[in-house]
Every structure is written in structure tokens, then in C-alpha cells.
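None of these values were measured; they are calculated from a predicted model. Computation of the quantities below employed the complete heavy-atom set of this structure, encompassing side-chain atoms and omitting hydrogens, waters and symmetry-equivalent molecules. Quick note on labels: first sequence line is chain A, next is B, and so on, each numbered from 1.
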There are 2 protein chains.
Amino acid sequence: MWWKRMKLGERESMESTNRKTTIKHIAEAAGVHPSTVSRALNGLQESRIPQETVDRIHKAAAELQYEPNPWAQSLRTKRAMMIGLAIPRFTDYVLAQMFESAQIRATEFGYDTLTAGAEVGGKGNAAIKGLMDRRTDGLILATAKIHDEYLAEIERSGVPFVLLNRRSGAYPAVTGDDELGGYLATRHLIEQGHHRIGHISGPLTVSTADSRARGYRRAIEEADLPIGPELMQEGRFDARSAGDAAEALLSLPERPTAIFAVNDISALAAMATARQRGLAVPEDVAVVGYNDSEVSSLLPIPLTSVRVPLLDMGSAAVDLLLALMNGKPVESIVKVPELIPRESSLFSRS
Amino acid sequence: MWWKRMKLGERESMESTNRKTTIKHIAEAAGVHPSTVSRALNGLQESRIPQETVDRIHKAAAELQYEPNPWAQSLRTKRAMMIGLAIPRFTDYVLAQMFESAQIRATEFGYDTLTAGAEVGGKGNAAIKGLMDRRTDGLILATAKIHDEYLAEIERSGVPFVLLNRRSGAYPAVTGDDELGGYLATRHLIEQGHHRIGHISGPLTVSTADSRARGYRRAIEEADLPIGPELMQEGRFDARSAGDAAEALLSLPERPTAIFAVNDISALAAMATARQRGLAVPEDVAVVGYNDSEVSSLLPIPLTSVRVPLLDMGSAAVDLLLALMNGKPVESIVKVPELIPRESSLFSRS
DNA sequence: CCATGGTGCACAATCGTTTGCGCTAATATA
DNA sequence: TATATTAGCGCAAACGATTGTGCACCATGG
């Protein structure tokens with residue numbers, strides 16, 4: 001019942017006999033100098049240590065169950081072997097997906113991932129500040145609301161960073177082609193024969209939302225279809241605001257027959273609103289979402305959605321960051337989205 | 001265009017004039033010894049330093065933009081101010097929720113969160129090993145598939161840990177009362193007048209799935225209703241297997257009129273399967289899920305589900321761990337679930 | 001026999017903090 | 001006046017690893 005008895009300090013003292021083995025213990029066991037142990041363990045081919053000695057050292061290390069002390073290593077080498085990931089929320093499907101793949105990728109390269117998130121009340125800077133205080137080797141910033149001035153400040157501090165799912169100036173970034181995604185979604189609805197197509201957007205100050213809206217406009221204008229502020233309702237990526245937006249769209253005198261929503265949650269809300277008003281999907285109103293989240297295909301009426309290669313984006317961000325840290329030249333990466341047609345929009349009017 | 005030019009090494013050398021300020025610089029600027037700076041900055045009330053000196057030191061620290069070096073601090077104090085969180089997946093709603101709240105809570109106490117996850121191919125041990133190598137101050141283990149022997153090994157290593165959403169032996173754990181949850185869900189269906197109630201379970205080797213199934217049995221037996229292996233189909237928490245399970249249930253000669261699914265995804269799959277077979281929800285078959293995930297309430301037919309206080313669980317795990325690290329006596333925590341009735345099960349047969 | 005040159009390793013400094021110990025000077029007590 | 005006490009702070013040793021420098025030692029070649 002150790003967890004009922006011991007304080008940190010006590011545990012330490014108890015283990016005073018049982019301490020973690022250090023490089024010095026190995027040196028003693030193998031009859032060499034600590035520095036030799038370090039070189040042998042790190043496989044330095046500079047100072048050629050005879051195989052026999054190397055083996056002896058490895059054996060001693062294994063026997064003593066040596067685990068290098070990362071603090072000492074970092075202090076000396078000035079490398080933490082950690083990258084920081086700033087993410088507003090983890091419960092968001094899109095972000096979680098990118099986070100997970102980034103984490104996996106980082107692990108492949110021996111880097112651990114320190115997360116800072118939950119930018120409660122727009123305190124994203126505090127989160128990033130925290131990561132920098134930890135002296136991570138690099139930063140992946142997926143938070144939408146960083147002031148550009150703050151990015152400049154990070155740049156000045158010399159910590160390599162990349163933006164994820166967000167773009168700003170010429171800073172290296174990994175994003176999806178949201179404009180294209182918006183275009184594809186809208187184009188699809190047009191091809192199904194719709195003439196009045198509404199859009200539930202996200203906050204237009206957020207670049208992803210803005211781009212999708214621009215794609216929507218382009219498709220509409222290209223097809224010479226009606227467009228106007230009443231057909232573009234601004235939401236906040238969440239169900240409640242999207243529900244209101246859908247309400248507004250569906251109660252227009254000239255009701256749209258199709259809705260393109262900025263994300264799947266908003267699309268879901270639109271479908272629910274439609275149902276409440278006695279409108280059938282897709283017969284009365286077709287719906288297209290964005291992100292192709294897990295549930296989209298599982299719904300009783302499966303949701304047409306734009307699939308963004310979120311996993312690719314996460315790992316690409318890590319690759320970009322690592323390149324940056326190695327001083328290689330880097331270019332921002334744009335991932336191409338793809339429309340996944342499903343029942344919610346498959347009712348041809350032509 | 002720094003990101004096109006500089007390697008890590010070069011950056012360093014460039015900053016050789018511009019180095020991070022250390023405690024020593026402050027000492028020089030304030031005209032005191034480094035040790036005094038340390039004491040002043042850490043607010044040691046032991047050795048009383050006059051306010052005037054403290055102020056001077058703080059001023060110098062601020063001017064030089066001092067940031068303590070966490071590696072040196074950890075090396076010296078043997079505390080990392082980090083806790084490790086082992087989690088199989090981040091894209092899972094339940095886990096993400098717990099993770100996020102844990103992260104927030106940890107931050108409140110000045111701890112950062114190191115994550116290890118993605119136990120690809122059951123390599124959960126590798127993830128945990130990684131966290132231990134990083135020498136985090138404590139561990140929160142939310143991975144389902146740790147062998148108990150490995151837990152014993154962690155215990156032996158002396159690193160404090162708590163289990164999250166999982167129980168094993170007498171180790172401190174934070175869990176939801178899954179048995180009760182399963183009971184509540186089934187009881188609700190019974191009260192709606194159902195007599196033949198099927199269950200789509202998770203893998204019964206996983207404690208949460210097993211507990212929910214036990215709750216189901218208890219409710220059924222208590223009401224003297226039919227029960228049997230054909231009414232309990234085992235899935236794997238995912239849509240595909242749950243779809244198969246639903247298929248099996250709904251094609252029984254004596255078709256159940258209600259289904260309790262082990263999680264919302266499974267419930268969704270069941271609803272979709274029902275719809276494909278031309279069965280209406282809830283008129284022909286009522287469905288209850290588990291976890292009350294975000295989408296549940298947004299569905300065109302909102303899903304009745306068992307709400308588990310996931311956020312509470314995440315932060316409770318941190319609280320438990322911190323208590324443990326401080327040597328306080330701790331007790332495992334069980335959170336009580338609550339049924340949220342919605343349209344998918346609200347069609348009374350009585 | 002000495003210069004030359006390579007091995008194989010030890011030495012010691014260093015990274016930036018924290019902290020036990022003890023010194024100095026000022027003040028209080030006898 | 002002599003001694004005890006205390007405040008204020010400096011000294012130096014850690015913590016555990018990495019790494020530049022250099023010194024023996026041995027072999028080789030002239």
C-alpha cells in the first residue's frame with residue numbers, strides 16, 4: 001500500500017540505497033571513465049573505442065538498468081527532444097485527428113510531445129509561452145487566434161515553429177485547401193441541379209471559414225446563380241449557432257433547396273433543424289458538411305462531406321518542423337480535399 | 001527568411017552574444033551572488049532577504065527577461081513539474097474529453113502534460129516506458145490494455161500513478177460507475193414498456209464494457225424479462241462491428257423492440273442498421289447509447305444516452321495523482337452516471 | 001635509437017540551478 | 001566591554017550528462 005504511506009521525500013530517501021544508476025556507476029562497473037561510457041553508449045565513431053570495451057559497457061548498462069537522465073542530457077546538449085503542440089481544444093474532431101497523427105510522427109523520430117491547450121478566454125499566448133518556457137525544440141501552432149505580432153515575437157526568440165491548419169504571412173504552414181473544398185462542395189450541389197444554395201459559414205475572421213466561404217462564392221458566381229447576404233449565414237462552428245443559421249435560411253421567403261455547412265457539426269444542426277420544420281433530407285433540402293468526421297457516414301442519413309487529409313496534415317507539420325530544425329529549406333504545404341458524396345445530397349433535381 | 005537559412009547550430013552561434021540570461025547575469029546586474037538570486041526569485045522565507053534587495057533582483061530579472069532553465073531546475077530538484085498521460089487514442093470522444101480536462105487541471109497546478117499514446121498494436125507499454133524515461137513526476141494511465149504485471153513493475157519503480165477509466169486491483173483509479181450506467185439505461189427501456197431488449201456490448205475483456213453488460217443483466221433479471229446469448233451481441237466499440245451486432249439482433253426470429261448499445265457510436269450504427277431494414281426509431285425499435293457524446297443531441301433523432309461526467313473524471317485523476325505525489329492517503333473515485341432521455345427511446349409501449 | 005603517428009582512454013570543464021554551511025557585521029544581552 | 005544572537009548573503013558542492021584536450025602507450029619507419 002505504498003500510495004497510502006509515502007511522501008515524495010520519503011520515497012527518495014528510501015531509495016537512497018536504490019538510486020537510479022548513472023553513467024558513473026556504469027563507468028565503475030566497467031572499469032572505465034564516465035566519458036568513455038558516454039561515448040560508447042552514444043556510438044560515437046570519432047574516438048574509436050574497441051568493440052570489446054563497448055560490449056563491456058553495454059553489458060554493465062543493461063545489468064544496472066541504466067536509463068539516461070534526460071534533464072542532464074538536455075542541459076548539456078541544449079536539446080530537449082520534445083516538440084510543443086499548441087492546440088485550442090482536444091475534443092474537436094479535426095484538431096484531435098491532427099494532433100494524434102502529429103504525435104505518432106514525432107514519436108517515430110524520437111521526439112516527445114508536450115501539449116498546451118485549452119485557450120480559455122483567448123489566452124492562447126499563455127499556452128505558447130508555457131511551451132517556450134519548457135524550451136521545446138520546436139513548436140506546432142494550431143491555435144487560430146494568435147496575434148501576428150506574437151508570431152513575430154516567437155520568430156525573434158529563435159524557436160522554430162510551423163503553423164497547422166492556419167496561415168499567416170509567409171510563415172511555414174500546413175493547411176488544407178479550404179477554398180477548393182468550399183468550391184467542390186458547392187459545385188457538387190450545383191451539379192445535383194440546385195439553384196438556390198445557402199451557406200452556413202464559420203466566423204469569417206478565421207481563415208479556414210473565410211476560405212470555404214470564398215470557394216462557395218466562386219462556384220455560385222461561376223454558375224451565375226443567385227447569391228446574397230441572406231444566403232450566407234455566419235455561425236461559430238458549433239451546433240447552436242448553426243441551428244440558428246439554418247433556421248434563418250430555411251425560413252427565407254424563397255427557401256434554398258440546398259445548404260453547404262462549414263463543418264459537419266453545423267451540417268448536423270442544419271439537418272436537425274430541417275427535420276423539425278418537417279423538411280426531408282435530401283428531398284426537400286440537401287446538405288453538405290465539411291471534414292468528413294467519423295459520424296458522417298454513420299448517420300441514418302449519411303452526410304455528404306468534404307474529406308480533408310487531417311492525418312496527413314498532422315504528420316506533415318512534424319516533417320516540416322523537423323526540416324526547419326535541421327536548417328533545411330522548407331515550403332508551406334497545402335493538402336487537397338476531396339468530396340465524399342453520400343445520401344444527404346443525392347437527390348437529383350435536374 | 002530565417003527558416004530558409006539557419007541550422008540549429010548556426011542559430012546558436014549567432015545568439016552567442018544574445019544568449020539566454022541566466023541567474024548569473026542577474027546576480028551580476030543586481031550586485032549579489034547567484035544563490036541570493038535563486039532564493040529571492042523563489043521567495044524563500046527561510047533566509048530573510050531584505051525587501052530592497054529582492055526588489056532589485058526582480059527588477060534585474062525582468063529587465064533581462066530572465067526565464068529559468070527547466071532542465072537545470074529539474075536536474076537539481078529532481079522534479080519535472082510534468083505529469084505523463086498515457087492514452088490509446090485522442091480521436092476518441094471519451095478519452096479526448098478526459099484528456100482535455102486533465103490537461104487543464106494539471107496546468108492549474110503548474111504542471112505540464114506529456115502525452116504518449118497511439119498504442120499501435122498493443123504497444124502500450126512502450127508508451128508508458130517513454131513517459132517514465134522522461135522522468136515525469138507522475139502518471140495517469142488511461143490505456144485499457146496494460147498487463148497487470150506491468151502495473152506492478154511501475155509500482156516497483158516508485159513512480160506514482162493513477163488509473164483513469166480503468167480499474168485494476170487496489171490501485172488508485174478514477175472510473176465511472178459503468179454497472180450502474182448499464183442498469184439505468186436498461187431500466188429506462190423497461191419502464192418504457194419494452195420486454196425484449198437487446199444489448200450490443202463492447203469486448204467483454206474490457207472492464208467498462210463488462211460492467212455495462214452486467215448492469216444490463218441485472219436490470220433484465222430484476223424485471224424477470226427474457227435474456228440470453230442471442231440478445232447480447234459482442235462488438236468492439238466501433239461502428240462496423242456494432243452494425244453487424246445490430247444486424248444480428250434485428251434479424252432474430254423474435255426481434256427485440258429495444259437496444260442498449262455500449263457507446264454512442266454503436267448506437268448510431270444500430271440506428272442506421274434499423275433504418276436500412278425499414279424500421280423506425282423509436283417506434284419500431286428504441287435505442288439507447290452511452291457517453292452522451294456531443295452529436296447525440298444533435299442527431300435528427302436525438303439519441304438517449306448515459307452521461308458520464310468525463311470532465312470531472314479527468315480533473316479528478318489529476319487531483320488524485322497530486323495527492324498521491326504529496327503522500328496524502330487516497331481513495332479511488334467512482335463517478336455516477338446519469339441517463340439523458342431523448343427521442344430515440346421515447347415511445348411508450350405500456 | 002629516435003621521431004612519428006595513431007589508438008584508447010582519462011581529465012576536467014561545462015550546462016544553469018539549488019542548497020547546506022558558514023562567514024561577516026550589526027545588534028542585543030550579560 | 002565581552003559575548004551571544006541574528007540578519008544577510010557568499011561559497012562551493014552537488015545534480016548527471018557531454019565533449020575538447022591531451023597524455024600515455026604501442027607500433028612503425030627511418
- [ ] Report the nucleotide, chosen from dG10(D), dG16(D), dA10(C), that has the shortest atom-to-atom distance to any side-chain atom of Arg39(B).
- [x]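 Among dG10(D), dG16(D), dA10(C), the one nearest the side chain of Arg39(B) is dG10(D).
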Between [N] atom [atom2] and [X] atom [atom1], what is the distance in whole Å?
X	N	atom1	atom2	result
Leu64(A)	dG16(D)	CG	C1'	15 Å
Asp133(B)	dG16(D)	CG	P	16 Å
Arg134(A)	dT17(C)	CZ	P	14 Å
Ile49(B)	dA7(D)	CD1	P	13 Å
Leu41(A)	dT19(D)	CG	P	13 Å
Lys24(B)	dC11(D)	NZ	C1'	13 Å
Ile57(A)	dA17(D)	CD1	P	14 Å
Glu28(A)	dA17(D)	CD	P	14 Å

Does [X] place a side-chain N or O at less than 4.0 Å from the phosphate oxygens OP1/OP2 of [N]?
X	N	result
Lys78(A)	dG16(C)	yes
Gln73(A)	dT18(D)	yes
Thr53(A)	dC9(C)	yes
Asn69(A)	dC15(D)	no

Task: Residue met sooner reading DNA chain D from 5', once Pro50(B) and Leu75(B) are mapped to nucleotides - done: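 The residue closer to the strand's 5' end, by nearest nucleotide, is Pro50(B).
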TODO: Any salt bridge (Lys or Arg N to Asp or Glu O under 4.0 Å) involving residues 315-324 of chain A? Give me the pairs, sequence neighbours left out, ordered by first then second residue.
DONE: Arg105(A)-Asp319(A)
Open item on the list: Per the ring pair (Phe, Tyr, Trp, His ring centres under 6.0 Å) rule, what does the pair list look like for residues 94-114 of chain B, sequence neighbours excluded?
Closed with: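 Matches after skipping sequence neighbours: Phe90(A)-Phe99(B), Phe90(B)-Phe99(B).
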Open item on the list: Can you list everything that forms a side-chain hydrogen bond (donor to acceptor under 3.5 Å, both in side chains) with Thr22(B)? Sequence neighbours excluded, please.
Closed with: none
Task: Partners meeting side-chain hydrogen bond (donor to acceptor under 3.5 Å, both in side chains) with Ser315(A) (sequence neighbours left out) - done: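 Listed in chain order: nothing, the list is empty.
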Task: Residue-level proximity of residues 29-38 of chain B to DNA chain C when a heavy atom falls under 4.0 Å - done: Ser35(B), Ser38(B)
Open item on the list: Could you tell me if Gln73(B) and Asn69(B) have a donor-acceptor pair between their side chains, going purely by distance under 3.5 Å?
Closed with: no
Task: Contacts of Glu153(B) that satisfy salt bridge (Lys or Arg N to Asp or Glu O under 4.0 Å) - sequence neighbours left out - done: none
TODO: For the residue pair Arg56(A) and Val32(A), establish whether any side-chain heavy-atom pair is separated by less than 4.5 Å.
DONE: yes
TODO: Determine the contact category for Ser74(B): base if any of its heavy atoms lies under 4.0 Å from a base atom, sugar-phosphate if only primed atoms, P, OP1 or OP2 are that close, otherwise nothing.
DONE: nothing
